[in-house]
Amino acid sequence: MNGSLKIQIIDAVRTILVLLLLVTAVAGLALFLTLLISPLLLRVPDHFLHLSKALVLRDYGHLLLYLILPWPQPPLTLAGIPMTDNAVAHFSDVRHLIIMTLWMTIVALIGAGLALRYEKRTWQLWKLSGPLKSLLALLIIVGLLAIADFDDFFIRFHYLAFSNMNWVFSATDNPIINLFPDTFFATLFGIWWLFTILFLALIQWCINRYLRRLIRKL
């Protein structure tokens with residue numbers, strides 16, 4: 001392997017690693033922003049378990065905090081909405097995924113920040129512009145395909161993410177599922193996808209703006 005080819009391979013690997021850090025950081029941030037605004041999307045059915053809307057929203061807020069707070073939590077219990085042991089176990093599995101995503105996001109944010117700083121200091125930011133643009137196009141296409149057949153995408157995701165069938169809820173045994181129709185999850189996915197695209201597009205714009213300013217100074 002000659003020296004030129006070796007340098008090209010190293011540059012390609014470094015670019016891929018930076019892009020992976022950026023995508024992980026941005027997707028993680030988008031996820032937590034989406035979760036934080038999710039109460040605004042919740043629609044409580046009329047006469048839901050004969051509970052007041054305020055109590056249902058309070059239960060949802062408690063569930064949300066249980067899922068995203070990184071320190072140890074007691075087993076999930078809600079004030080008004082009953083749940084089976086399988087439902088509690090499923091929300092525990094979801095919490096583990098979200099907390100793992102939180103730590104991955106923090107590590108990726110630090111890594112992406114350091115990587116971008118290094119690329120800027122070594123005058124290599126221009127190498128990210130093209131691949132980042134291609135990545136954006138790919139994410140847009142994949143997102144549109146997922147939204148076009150969201151039900152199938154959602155079910156396949158659950159089979160991949162969970163090793164059990166606790167995610168299959170019965171509306172009779174676990175009426176909380178009535179708060180989460182398919183449109184609720186589809187809307188959350190769409191918001192998360194838009195946040196991810198917008199954040200990456202903003203990074204792309206900042207890089208291009210910096211490169212234009214740099215060229216004008218030459």
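Judged by distance alone, the side chains of Asp93 and Asn164 do bring a donor and an acceptor atom under 3.5 Å apart.
The structure places CZ of Phe48 at 13.0 Å from NZ of Lys53, a figure rounded to the nearest 0.5 Å. Put simply, CG on Leu65 and OH on Tyr60 are 10.5 Å apart, with the number rounded to the nearest 0.5 Å. Between the CG atom in Leu128 and the NZ atom in Lys120 there is a gap of 13.0 Å [rounded to 0.5 Å]. Summarising the geometry, atom CE belonging to Met100 is positioned 10.0 Å from atom OG1 belonging to Thr105; distances are rounded to the nearest 0.5 Å. In this structure, Leu20 CG and Ile16 CD1 are separated by 7.5 Å, a value rounded to the nearest 0.5 Å. Distance check, rounded to the nearest 0.5 Å: CG of Asn86 to CZ of Phe169 gives 8.5 Å.
Residues Ile207 and Trp126 are not in side-chain contact: their nearest non-hydrogen atoms beyond the backbone lie 4.5 Å or more apart. Contact check for Ile68 versus Leu36: side-chain heavy atoms found under the 4.5 Å cut-off.
Between Phe153 and Phe157, the angle of the ring planes stays under 30°, which puts this pair in the parallel group of the 30/60° scheme. Using a 30° and 60° split on the angle between ring planes, Trp167 and His158 fall in the tilted class, from 30° to 60°.
Atom NZ of Lys133 is surrounded by 12 or fewer heavy atoms from other residues, nucleotides or ligands within 6.0 Å. Annotation: Tyr210, atom OH; neighbour count of heavy atoms from other residues, nucleotides and ligands within 6.0 Å is above 12.
Here the closest heavy-atom approach between residue Phe184 and residue Leu41 is recorded as CD1-O, 3.9 Å. When all heavy atoms are compared, the tightest approach of Asn178 to Pro45 is O-CG, 3.9 Å. In plain terms, the two heavy atoms of Val18 and Ala115 that are nearest each other are CG2-CB, 3.8 Å.
Between Phe189 and Phe154, the ring center distance fails the sub-6.0 Å criterion.
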